[in-house]
*Asks:* 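I am attaching a structure below and will ask some questions about it afterwards.
Remember, it's 1-based here, ligands and their atoms both numbered in the order they're listed. The first residue in the sequence is number 1, and the count goes up from there.
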Amino acid sequence: GFLLSDGDGVDGFIKEAVAYGAEKVYVSESPVLKDYRTDPYACGAINLIRKYKPEIVLIGATTQGRDFAGTVATSIETGLTADCTGLDIDPESKQLRQTRPAFGGNIMATILDYPQYRPQMATVRPKVFPMPRRDDGRKGEVIKEPLPMTEEQVRTKIVDFLKGAEGVNLVDAEIIVSGGRGVGNPDGFKVVRELAAVLKAAVGASRATVDAGWIPYEHQVGQTGRTVRPKIYIACGISGAIQHQAGMKTSDIIVAINKDPEAPIFKIATYGIVGDLFTVVPMLTEEFKKRL
Ligand code: FAD
């Protein structure tokens, strides 16, 4: 693993990386890296990549990761497959097989890099892969590299941080209750929210409801929304379009409530309830209230 940090509390991150499976951790520490900025972070990574020549570089497809990965790949003059939903190693060529939606999500494309361009770089959305087992007894090697950039060389300065909109933390939620077009109108989300409240769950939504302005975008699950992997995903009045599934099909347990027994969501559901969500969801809420 590559680790770029201002050095403050970096030991914790090294231990964390090793506990989750890193055999070697390459660390660049500098006060210049205190807050994320494109220039110094890219500089640190480019320096490590040029020196240690990894075959594959994987980066989280977070807001910062997307910015960072593009800068690094361009400087190194290699390819970048953004927003992968699956990764694999080709058994014969040992090449990285990078899978991601293409053509508006209508097909899944598997991409291989030209052998003359290295490293093979991809960004992967959080939660696409299960968390490896943590083992605090593991030992790893730490290799330190100075950051070849000074504060004077950084083109951006951080002046202030302003608080944004209240976050909807879908990605870390253990339970998500999502509403689709079946809720009918913005008020229809009431039954979804009530069930979510009882289960201490986050509220998700399909794109149809976000596009209709029934609920803000932060709630959207799917290819153009969040990718989630909760323990339980309850889909209420969601048909289960491929683009919605792309963001939730790896949930441990999927419960689907839909009045159409032919809805595609039932093909991936662990439990399916065919019925009107305005009857079924309040019944679930009542029952969970009694039991929890
Ligand atoms: P519908 O498909 O209209 O389904 C509504 C369902 O509710 C139906 O199955 C119906 O039987 C059921 N229903 C109706 N009334 C009731 C009731 N009273 N009780 C129970 N069930 C009821 N979609 C996403 O969700 N996330 C994305 O990120 C996303 N990205 C996309 C990206 C691209 C490029 C494209 C082209 C599409 C994308 N979509 C995405 C849209 C996706 O294709 C679907 O249009 C969308 O997911 C449909 O939302 P829905 O299931 O809420 O609505």
*Asks:* Linking Ile, Leu, Val, Met, Phe, Trp and Tyr by side-chain heavy atoms under 4.5 Å, what else ends up with Leu112?
*Replies:*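 Noted: Leu112 shares its cluster with no other residue.
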*Asks:* Assess whether a salt bridge exists between Glu16 and Arg134, defined as any Lys/Arg side-chain N lying under 4.0 Å from an Asp/Glu carboxylate O.
*Replies:*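 Answer for the salt bridge query: yes.
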*Asks:* Considering only heavy atoms, which of Thr279, Asp276, Thr224 lies nearest to atom 17 (C) of ligand 1?
*Replies:*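 That would be Asp276.
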*Asks:* Which atoms of ligand 1 have any heavy atom of Ser206 under 4.0 Å away?
*Replies:*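 Within the 4.0 Å cut-off of Ser206, ligand 1 contributes 25 (O), 49 (O), 50 (P), 52 (O).
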*Asks:* Please compare Ala208, Gly184, Ser239 and report which has the shortest non-hydrogen distance to atom 2 (O) of ligand 1.
*Replies:*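 It is Ser239 that holds the nearest heavy atom.
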*Asks:* Check this for me: does any side-chain nitrogen of one of Lys290 and Glu286 sit under 4.0 Å from a carboxylate oxygen of the other?
*Replies:*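 Answer for the salt bridge query: no.
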*Asks:* Suppose I only count heavy atoms of Gly222 and a 4.0 Å limit; which atoms of ligand 1 are within that range?
*Replies:*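 Result: 26 (N), 27 (C), 28 (O).
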*Asks:* Which ligand 1 atoms does Val221 reach within 4.0 Å, using its non-hydrogen atoms?
*Replies:*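 Close to Val221: 24 (C), 25 (O), 26 (N), 27 (C), 28 (O).
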*Asks:* For ligand 1, which is the ligand I care about here, please tell me if Gly180 has any N or O atom under 3.5 Å from one of the ligand's N or O atoms.
*Replies:*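 Such a contact does not occur with ligand 1.
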*Asks:* Verify whether one side chain among Asp252 and Tyr233 offers a donor that lies under 3.5 Å from an acceptor in the other.
*Replies:*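 Result is no, nothing qualifies.
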*Asks:* So for ligand 1, is Ala205 a polar contact partner (N or O within less than 3.5 Å, distance only)?
*Replies:*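 No; every N/O pair is 3.5 Å or more apart.
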*Asks:* If we set the cut-off at 4.0 Å for heavy atoms, which region of Ile242 has an atom near ligand 1: side chain, backbone, both, or neither?
*Replies:*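 Neither; no heavy atom under 4.0 Å.
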*Asks:* Considering all heavy atoms of both residues, which atom of Ala246 and which atom of Thr227 are nearest to each other, and what is their separation?
*Replies:*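 Looking at all heavy atoms of both residues, the closest pair is O-CG2, 4.3 Å.
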*Asks:* Select the closest option to atom 43 (O) of ligand 1 among Gln243, Arg207, Gln220, judged by heavy-atom distance.
*Replies:*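 Checking each option, the heavy atom nearest atom 43 (O) of ligand 1 is found in Gln243.
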*Asks:* Assess, by modelled atom type and distance only, whether the side chains of Thr110 and Thr99 contain a donor and an acceptor separated by less than 3.5 Å.
*Replies:*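 Yes - a donor-acceptor pair under 3.5 Å links their side chains.
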*Asks:* Within ligand 1, which atoms have a heavy atom of Gln223 less than 4.0 Å away?
*Replies:*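 Answer for ligand 1: 27 (C), 28 (O).
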*Asks:* Give the single entry among Gly182, Ala235, Gly225 that approaches atom 13 (N) of ligand 1 most closely by any heavy atom.
*Replies:*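 The residue whose heavy atom sits nearest atom 13 (N) of ligand 1 is Gly182.
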*Asks:* Taking distance alone, with no angle check, do Ile257 and ligand 1 share an N/O pair under 3.5 Å?
*Replies:*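 No: no nitrogen or oxygen of Ile257 is under 3.5 Å from one in ligand 1.
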*Asks:* Any atoms of ligand 1 less than 4.0 Å from a non-hydrogen atom of Gly275? List them with their elements.
*Replies:*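 Those atoms are 19 (N), 20 (C).
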*Asks:* Relative to ligand 1, is Ala241 under 4.0 angstrom through side chain, backbone, both or neither, heavy atoms considered?
*Replies:*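 Looking at Ala241 and ligand 1, just side chain atoms fall under 4.0 Å.
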*Asks:* Under the 4.5 Å side-chain heavy-atom rule for ILVMFWY, direct or indirect, which residues accompany Ile242?
*Replies:*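 Members besides Ile242: none; it forms no cluster.
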*Asks:* Begin with the C-alpha distance, continue with both residues' side-chain angles, and end with the deciding distance and a verdict on salt bridge (charged side-chain N to carboxylate O under 4.0 Å, His left out) for Lys200 and Glu174.
*Replies:* CA-CA 9 Å; Lys200 297 193 174 39; Glu174 296 215 321; over 6 Å; no
*Asks:* How far apart are the C-alpha atoms of Glu194 and Lys190, what are their side-chain angles, what is the distance that settles it, and do they pass the salt bridge (charged side-chain N to carboxylate O under 4.0 Å, His left out) test?
*Replies:* CA-CA 6 Å; Glu194 284 168 354; Lys190 190 165 166 272; 3.3 Å; yes
